[in-house]
Engineer: 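Quick one: structure below, then a few questions.
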Amino acid sequence: MVRFKNRYVTVEINAPAIPENKPLHLKSKIFHDTVMDKIQLLYGDFGVAAVKIGFLAKYCNENTRIAILKSRHGPHKFVTSALPFVTKIGKLDVNLRTLHVGATLKHSFMFIQKHQRAYLDSMWSELKTDEERKALESAVMDFSKTDVAINLENLT
């Protein structure tokens, strides 16, 4: 039996049109399709065929604007090199920044936890009540938004 290695690319999505304190309404399916379209544009059918198997948008947090993309080891280079060229997701102008490339989802989540803790510390100074702070903390530290069910048709 052959073991397939995966890479998990942690991406920060910056949308200048939407203020940082507002959530970014982004579906992982739209993000997935946008990245695949950009790979098609840059690398053609070869790039799409290499990346297509095992490529998923695993996690999208609308509050911190962080996403995790899963790709197989090798074709992950197509994904990471295409990300800076993505300028629109749907009708929204965006800039994508690669934060981390990890071998396991656990290490990616550990990196995100450190990154989001720093984000939370910076945002706490702007909030006035403890209820707002607790609501923000629960939204930021929520790792349950893995939309694998939406992307199951892309596994084949």
Engineer: Please confirm whether Y59 and Y8 have ring centers closer than 6.0 angstrom.
Structural biologist: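 Centroid distance Y59-Y8: not below 6.0 Å, so no.
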
Engineer: How would you list, by chain and number, every residue that makes a side chain to side chain donor-acceptor pair (under 3.5 Å) with K88, sequence neighbours excluded?
Structural biologist: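 In terms of side chain to side chain donor-acceptor pair (under 3.5 Å), with neighbours along the sequence ignored, K88 is linked to D93.
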
Engineer: Taking the side chain as C-beta and beyond, is there a heavy-atom pair between K5 and R3 under 4.5 Å?
Structural biologist: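 Yes, side chains in contact.
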
Engineer: What is the distance from atom CD1 of I112 to atom CE of M110, rounded to the nearest 0.5 Å?
Structural biologist: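 It is 11.5 Å, given to the nearest 0.5 Å.
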
Engineer: How many angstroms lie between NE2 in H115 and CD1 in I66, if you round to the nearest 0.5 Å?
Structural biologist: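 Spacing of NE2 (H115) from CD1 (I66) equals 4.5 Å.
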
Engineer: So if you build clusters from Ile, Leu, Val, Met, Phe, Trp, Tyr with side-chain heavy-atom gaps below 4.5 Å, do L105 and F4 land together?
Structural biologist: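 Different clusters: L105 never reaches F4 through Ile, Leu, Val, Met, Phe, Trp or Tyr contacts under 4.5 Å.
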
Engineer: Looking at residues at least two apart in the chain, or sitting in another chain, which of them share a salt bridge (charged side-chain N to carboxylate O under 4.0 Å, His left out) with D37?
Structural biologist: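 Scan of D37 (salt bridge (charged side-chain N to carboxylate O under 4.0 Å, His left out), adjacent residues dropped) gives none.
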
Engineer: Taking atom CD1 of I39 and atom OG1 of T34, what is their separation to the nearest 0.5 Å?
Structural biologist: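 If we round to the nearest 0.5 Å, I39:CD1 and T34:OG1 are 11.0 Å apart.
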
Engineer: Over all heavy atoms of both residues, which pair between V48 and Q40 is shortest? Give the atoms and the distance, please.
Structural biologist: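 Minimum heavy-atom contact is CG2-OE1, 3.1 Å.
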
Engineer: Taking all non-hydrogen atoms of both residues, which atom of A67 and which atom of I13 are closest, and how far apart?
Structural biologist: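 Minimum heavy-atom contact is CB-CD1, 4.2 Å.
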
Engineer: If hydrophobic clusters are built from ILVMFWY residues whose side chains come within less than 4.5 Å, do L96 and L42 share one?
Structural biologist: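 In one cluster: yes.
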
Engineer: Specify the closest pair of heavy atoms between I30 and G90, including all atoms of both residues, with the distance to one decimal.
Structural biologist: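 Minimum heavy-atom contact is CG2-N, 4.3 Å.
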
Engineer: Kindly determine whether L69 and V11 satisfy side chain to side chain contact (heavy atoms under 4.5 Å, CB included), including the steps that lead there.
Structural biologist: CA-CA 8 Å; L69 298 171; V11 179; 4.3 Å; yes

Engineer: I'd like to check the ring-ring contact (aromatic ring centres under 6.0 Å, His included) partners of H73; sequence neighbours left out, ordered by chain and number.
Structural biologist: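 If we apply the ring-ring contact (aromatic ring centres under 6.0 Å, His included) test to H73, skipping adjacent residues, the hits are H76.
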
Engineer: Tell me the closest heavy-atom pair linking R65 and K22, and the distance in Å.
Structural biologist: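 Looking at all heavy atoms of both residues, the shortest contact is NH2-O, 3.2 Å.
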
Engineer: Could I get the full list of side chain to side chain donor-acceptor pair (under 3.5 Å) partners for T98, not counting sequence neighbours?
Structural biologist: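 Result, side chain to side chain donor-acceptor pair (under 3.5 Å) vs T98: none returned.
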
Engineer: Mind checking the CG-CZ spacing from L83 to R97? Nearest 0.5 Å is all I need.
Structural biologist: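 Separation between the atoms: 13.0 Å.
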
Engineer: At their closest point, which heavy atom of K38 faces which heavy atom of F85, and how far apart are they?
Structural biologist: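 That would be CE-O, 3.2 Å.
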
Engineer: Which heavy atom in S28 sits nearest to a heavy atom in A57, and how many Å separate them?
Structural biologist: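 Heavy-atom minimum between the residues: O-CB, 3.6 Å.
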
Engineer: Between CZ of R7 and CD1 of I68, what distance do you get to the nearest 0.5 Å?
Structural biologist: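 One gets 14.5 Å once the value is rounded to the nearest 0.5 Å.
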
Engineer: Nearest 0.5 Å, please: how far is CZ in F55 from CG in N6?
Structural biologist: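 Going from CG on N6 over to CZ on F55, the span is 12.0 Å.
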
Engineer: Which residues pass the ring-ring contact (aromatic ring centres under 6.0 Å, His included) test with F111, not counting sequence neighbours?
Structural biologist: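 With neighbours one apart ignored, the set is H100.
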
Engineer: Just by distance, no angles: are the side chains of Y43 and S81 close enough, under 3.5 Å, to form a donor-acceptor pair?
Structural biologist: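 Present: a donor and an acceptor within the cut-off.
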
Engineer: Which residues pass the side chain to side chain donor-acceptor pair (under 3.5 Å) test with T104, sequence neighbours left out?
Structural biologist: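 By the side chain to side chain donor-acceptor pair (under 3.5 Å) rule, T104 matches H107.
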
Engineer: Side chain to side chain contact (heavy atoms under 4.5 Å, CB included) for I18 and L92? Distances and angles first, verdict last.
Structural biologist: CA-CA 9 Å; I18 298 175; L92 185 65; 3.8 Å; yes

